[in-house]
Amino acid sequence: MGLWPALFAVQGPGERTARHQHHGLHLVLARQGALKVDLAVERSEAESWTSAAGVLTAPGLHHAIDARGVTTVLLFVDPESDTGAALQSGLDGGARLIDAVFRDALLAPLPAAPDGDALTSWMLVALAMLAAGAG
C-alpha cells in the first residue's frame, strides 16, 4: 500500500505562493479568469509573472503562483506513474501554460461544487485530455 495516491485533486480558494517546487506534476487551473505564474529559472532572476488560465509544472520546477481572488482546481500527479510519465513527455521547458479555451474544456465535466467522487472522475478525464496533447 502506497503512502500517497498517484493522483490527488482539490478545489478551493487560490492563494499567492512563495517560490517552491514539487516532487509531483502540478496542475493549477483558475475556475474563471486567470492566475499569474512565475517560472523564472533562477532565484536571482527578477520575478517574471505571466497570466494564464492554468499551468502544468514538471517535477522539480521552481515556480510561484498568484491565484488570489480566484477559485482554483489543483491536481497532483506522481511523476513515476504511467500517467505522470506521459504528461512529462509533453512538457516543453518544464511547464505548460493552459489557455482559457482548453481550461474550459478541461473543467466542463466538473461541477461547480464537486465532491470527492466528482473530483476523482474528473481527474481521469482531464488527465486523458492533457496526455493527448489537446490545447
Side-chain angles (χ1 to χ4, degrees):
M1 180 173 157
L3 295 177
W4 188 256
L7 305 172
F8 175 76
V10 65
Q11 177 175 293
E15 300 177 355
R16 180 178 171 143
T17 67
R19 208 165 161 69
H20 64 285
Q21 63 181 343
H22 308 274
H23 171 72
L25 286 100
H26 180 226
L27 174 69
V28 182
L29 298 172
R31 285 293 313 223
Q32 294 181 338
L35 47 84
K36 294 180 183 176
V37 182
D38 178 10
L39 299 171
V41 176
E42 299 290 332
R43 275 188 177 262
S44 60
E45 290 183 38
E47 288 183 343
S48 176
W49 293 96
T50 302
S51 290
V55 63
L56 175 65
T57 60
L61 180 73
H62 287 276
H63 62 281
I65 295 177
D66 186 350
R68 290 176 289 186
V70 177
T71 298
T72 59
V73 177
L74 292 101
L75 173 58
F76 291 91
V77 181
D78 183 340
E80 293 147 13
S81 68
D82 291 341
T83 302
L87 290 176
Q88 288 180 78
S89 68
L91 289 178
D92 181 28
R96 177 178 175 190
L97 296 177
I98 307 293
D99 66 24
V101 172
F102 188 47
R103 180 264 324 269
D104 291 347
L106 286 168
L107 291 176
L110 187 64
D115 61 14
D117 290 338
L119 280 167
T120 299
S121 297
W122 170 79
M123 283 190 301
L124 302 176
V125 172
L127 290 168
M129 292 174 70
L130 286 163

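Numbers for residues simply follow the sequence, beginning at 1. Any value given below was found using the heavy atoms of this structure, including those in side chains, with hydrogens, waters and symmetry copies removed.
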Main chain of [Y], side chain of [X]: is a donor-acceptor contact present, judged purely on distance under 3.5 Å?
| X | Y | answer |
| --- | --- | --- |
| Q11 | A112 | yes |
| T72 | L29 | no |
| R96 | L27 | no |

message: For K36 and R68: C-alpha separation, side-chain torsions, deciding distance, then whether side chain to side chain contact (heavy atoms under 4.5 Å, CB included) applies.
response: CA-CA 9 Å; K36 294 180 183 176; R68 290 176 289 186; over 6 Å; no
query: H22: what forms a ring-ring contact (aromatic ring centres under 6.0 Å, His included) with it, not counting sequence neighbours?
result: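 Partners of H22 under the ring-ring contact (aromatic ring centres under 6.0 Å, His included) test: H20, H26, H63, F76.
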Which heavy atom of [X] sits nearest a heavy atom of [Y], and at what distance?
| X | Y | value |
| --- | --- | --- |
| L39 | A95 | CD1-CB, 3.7 Å |
| L97 | A52 | CD2-CB, 4.1 Å |
| G94 | L61 | O-CD2, 3.1 Å |
| P79 | L25 | CA-CD1, 3.7 Å |

- request: Kindly determine whether L56 and L91 satisfy side chain to side chain contact (heavy atoms under 4.5 Å, CB included), including the steps that lead there.
  value: CA-CA 8 Å; L56 175 65; L91 289 178; 3.7 Å; yes
query: With sequence neighbours left out, what residues match Q21 under side-chain contact (heavy atoms from CB on, under 4.5 Å)?
result: H62
field: From CD1 (I65) to CZ (R19), nearest 0.5 Å
entry: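 These two atoms lie 11.5 Å from each other.
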Transitive ILVMFWY side-chain link V70 to F102, under 4.5 Å: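 Result: no, two separate clusters.
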Less than 3.5 Å apart, which donor and acceptor atoms pair up between the side chains of residues 115-133 and the rest of the protein, not counting sequence neighbours?
| residue | atom | partner | partner atom | Å |
| --- | --- | --- | --- | --- |
| D115 | OD1 | D117 | N | 3.2 |
| D115 | OD1 | A118 | N | 2.8 |
| T120 | OG1 | G116 | O | 2.9 |
| S121 | OG | D117 | O | 3.2 |
| W122 | NE1 | L106 | O | 2.6 |

V28 vs V37, side chain to side chain contact (heavy atoms under 4.5 Å, CB included): CA-CA, chis, key distance, verdict: CA-CA 10 Å; V28 182; V37 182; over 6 Å; no
message: Do L35 and S51 have side chains that approach each other closer than 4.5 Å (heavy atoms only, starting at C-beta)?
response: no
